[in-house]
Asker: 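The following block contains the structure, expressed as structure tokens.
Reminder, nothing fancy here: chain letters follow the sequence lines and each chain counts from 1.
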Number of protein chains: 2
Amino acid sequence: MTRTDRVAATRETILSAAERLFAEHGVAAVSNRQISQEAGQGNNTAVSYHFGSKDALVRAIVRRHTEQIEETRLRMVLRADGSAEVRDWVACMVEPFARHLADLGAPTWFGRFSAQVMTDPAYREIMSREALNSPSLLRAGEELRRRLPDLPPDVRLERQDMVGRLMVHTIAERERALAEGAPVSRESWDRAASGLTDALTGLWLAPVTAPSART
Amino acid sequence: MTRTDRVAATRETILSAAERLFAEHGVAAVSNRQISQEAGQGNNTAVSYHFGSKDALVRAIVRRHTEQIEETRLRMVLRADGSAEVRDWVACMVEPFARHLADLGAPTWFGRFSAQVMTDPAYREIMSREALNSPSLLRAGEELRRRLPDLPPDVRLERQDMVGRLMVHTIAERERALAEGAPVSRESWDRAASGLTDALTGLWLAPVTAPSART
DNA sequence: ACTTTTAAGTCAGTCGCATGACTTATCTTA
DNA sequence: TAAGATAAGTCATGCGACTGACTTAAAAGT
């Protein structure tokens with residue numbers, strides 16, 4: 001094992017340990033010290049040495065996963081090209097995420113980690129920059145917009161936000177359930193993705209009502 | 001001002017300060033000291049003196065709001081009695097929350113606070129026990145179930161979870177937007193509630209698809 | 001080929017600081 | 001004046017940032 005390999009392995013160990021701890025306890029609640037210890041590093045400087053800051057560490061974790069998800073999603077978007085079905089484009093958003101978690105095998109933490117990062121005021125920006133601004137998601141969003149020409153722009157933006165939020169939090173919840181004894185299989189993730197896609201499609205297609213007068 | 005009043009006022013000050021700090025930075029990221037200082041208490045024991053622990057403080061904040069929301073929602077549930085419209089029962093879930101925030105006047109923090117508490121692994125239980133188990137919500141959920149007899153039970157539970165989650169996080173996001181300069185008015189909250197109700201109604205009514213085979 | 005130099009990674013320990021829990025003192029009002 | 005509320009200060013603990021020594025792989029010089 002060369003020196004470079006060892007370093008890379010240490011980095012990976014830290015990333016995995018941090019991902020798990022963040023998912024379990026929240027980003028703010030975990031110290032760099034804890035992460036270093038959990039990663040089997042005797043010192044307490046490992047995180048700042050390898051990543052510089054907690055911020056950069058979070059970014060690195062996000063990137064490690066989103067790169068693979070992005071790859072899958074790009075392929076899926078290309079395959080869906082031309083489809084007039086709203087559901088197909090919603091599936092482009094949901095399925096690559098779920099499939100990635102299925103591919104990782106149990107136990108996974110990235111779902112819960114994502115939800116934590118997305119909610120934490122100090123880190124939410126990271127998530128939107130690194131994950132939600134990906135080319136494939138923007139493309140799917142654009143296609144979706146064309147399939148829903150009657151949706152007022154402000155409502156569309158609202159719902160886009162809802163969809164992103166709901167996707168992450170629902171997947172996190174599903175992951176939590178799977179971690180607590182539910183059978184973890186590719187099928188269970190497929191079912192979760194399918195149910196989520198159904199729900200989000202319904203959300204997109206919901207008729208727009210004028211706010212009713214108060215009584 | 002009687003002694004009891006002064007004490008009650010101090011309690012309220014602490015509750016408000018804590019609510020704001022928790023909403024801005026997350027529960028784990030805020031110390032009891034910060035809260036005491038922010039509440040204008042010279043000592044650093046104010047929180048533990050008045051509430052015993054951070055846990056109990058969070059609980060108190062939740063209760064302070066949910067009591068009022070519950071009252072509104074109970075009235076609304078009674079008024080909706082007999083309605084066959086799914087949207088009416090969804091509105092029973094959403095509107096009392098939004099209306100409560102509108103009633104509080106700007107700036108509000110409880111929306112973001114709720115999202116924080118709901119996501120934090122150390123406090124999420126509090127939220128479900130204190131807020132999601134309320135009689136009015138259970139009642140509305142039951143009515144909803146009757147209006148959707150064809151929905152498989154597991155899908156119904158899934159969606160119930162999604163709806164609760166999406167409601168809180170969307171309202172938190174709306175509150176954030178309003179705090180950042182958007183005009184804060186009763187109308188803006190009405191519109192937010194209406195849009196959210198539309199979306200959630202669509203979610204409930206979405207057709208259930210069988211998971212497609214993988215390619 | 002062999003040695004020297006350089007730089008990267010690891011480790012143990014220190015620093016000032018903020019934390020929650022605790023104790024003591026002062027003040028207020030019933 | 002007795003009890004409850006607030007203030008002030010102490011304490012051990014854990015934090016992030018920093019330091020210097022040690023190990024080892026790679027690069028440079030001969």
Asker: May I ask you to check whether B/Q34 and B/H25 show a side-chain donor-acceptor distance below 3.5 Å?
Answerer: no
Asker: At under 4.0 Å between heavy atoms, which parts of nucleotides 16-21 of chain D does protein reach? Answer with one letter per nucleotide, 5' to 3': B base, S sugar-phosphate only, - none.
Answerer: BBB---
Asker: Within this structure, what is the CZ-to-P distance between B/R11 and D/dT6, rounded to whole angstrom?
Answerer: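 Rounded to whole Å, this separation is 11 Å.
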Asker: Check the pair B/S16, B/R64 against side-chain contact (heavy atoms from CB on, under 4.5 Å), reporting the backbone distance first and the verdict last.
Answerer: CA-CA 10 Å; B/S16 299; B/R64 175 166 74 151; 3.6 Å; yes
Asker: What residue among B/T197, B/V163, B/T170, B/L166 forms side chain to side chain contact (heavy atoms under 4.5 Å, CB included) with B/V94?
Answerer: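 Only one option passes, and that is B/T197.
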Asker: Rounded to whole angstrom units, what separation is found between the CD atom of A/Q37 and the P atom of C/dT10?
Answerer: 16 Å
Asker: Any side-chain N or O of B/H50 less than 4.0 Å from the OP1 or OP2 oxygen of D/dT6?
Answerer: yes
Asker: Distance check: side-chain N/O of A/Y49 vs OP1/OP2 of C/dA8, anything under 4.0 Å?
Answerer: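 Answer is no, no contact under 4.0 Å.
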Asker: Side chains of A/K54 and A/V47, heavy atoms from C-beta outward: is any pair under 4.5 Å?
Answerer: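 Side chain of A/K54 against side chain of A/V47, heavy atoms only: no contact under 4.5 Å found.
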Asker: Using atom CG of A/L21 as one end and atom C1' of D/dC15 as the other, report the distance to the nearest whole Å.
Answerer: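 Between C1' of D/dC15 and CG of A/L21: 16 Å.
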Asker: Do A/S134 and A/E70 get their side chains close enough for a donor-acceptor pair, meaning under 3.5 Å?
Answerer: yes
Asker: Provide, to the nearest angstrom, the distance between the CZ atom belonging to B/F51 and the C1' atom belonging to C/dA21.
Answerer: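 In whole Å, C/dA21 C1' and B/F51 CZ are 18 Å from each other.
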Asker: Just say parallel, tilted or perpendicular for the rings of A/H169 and B/H169, cut-offs at 30° and 60°.
Answerer: parallel
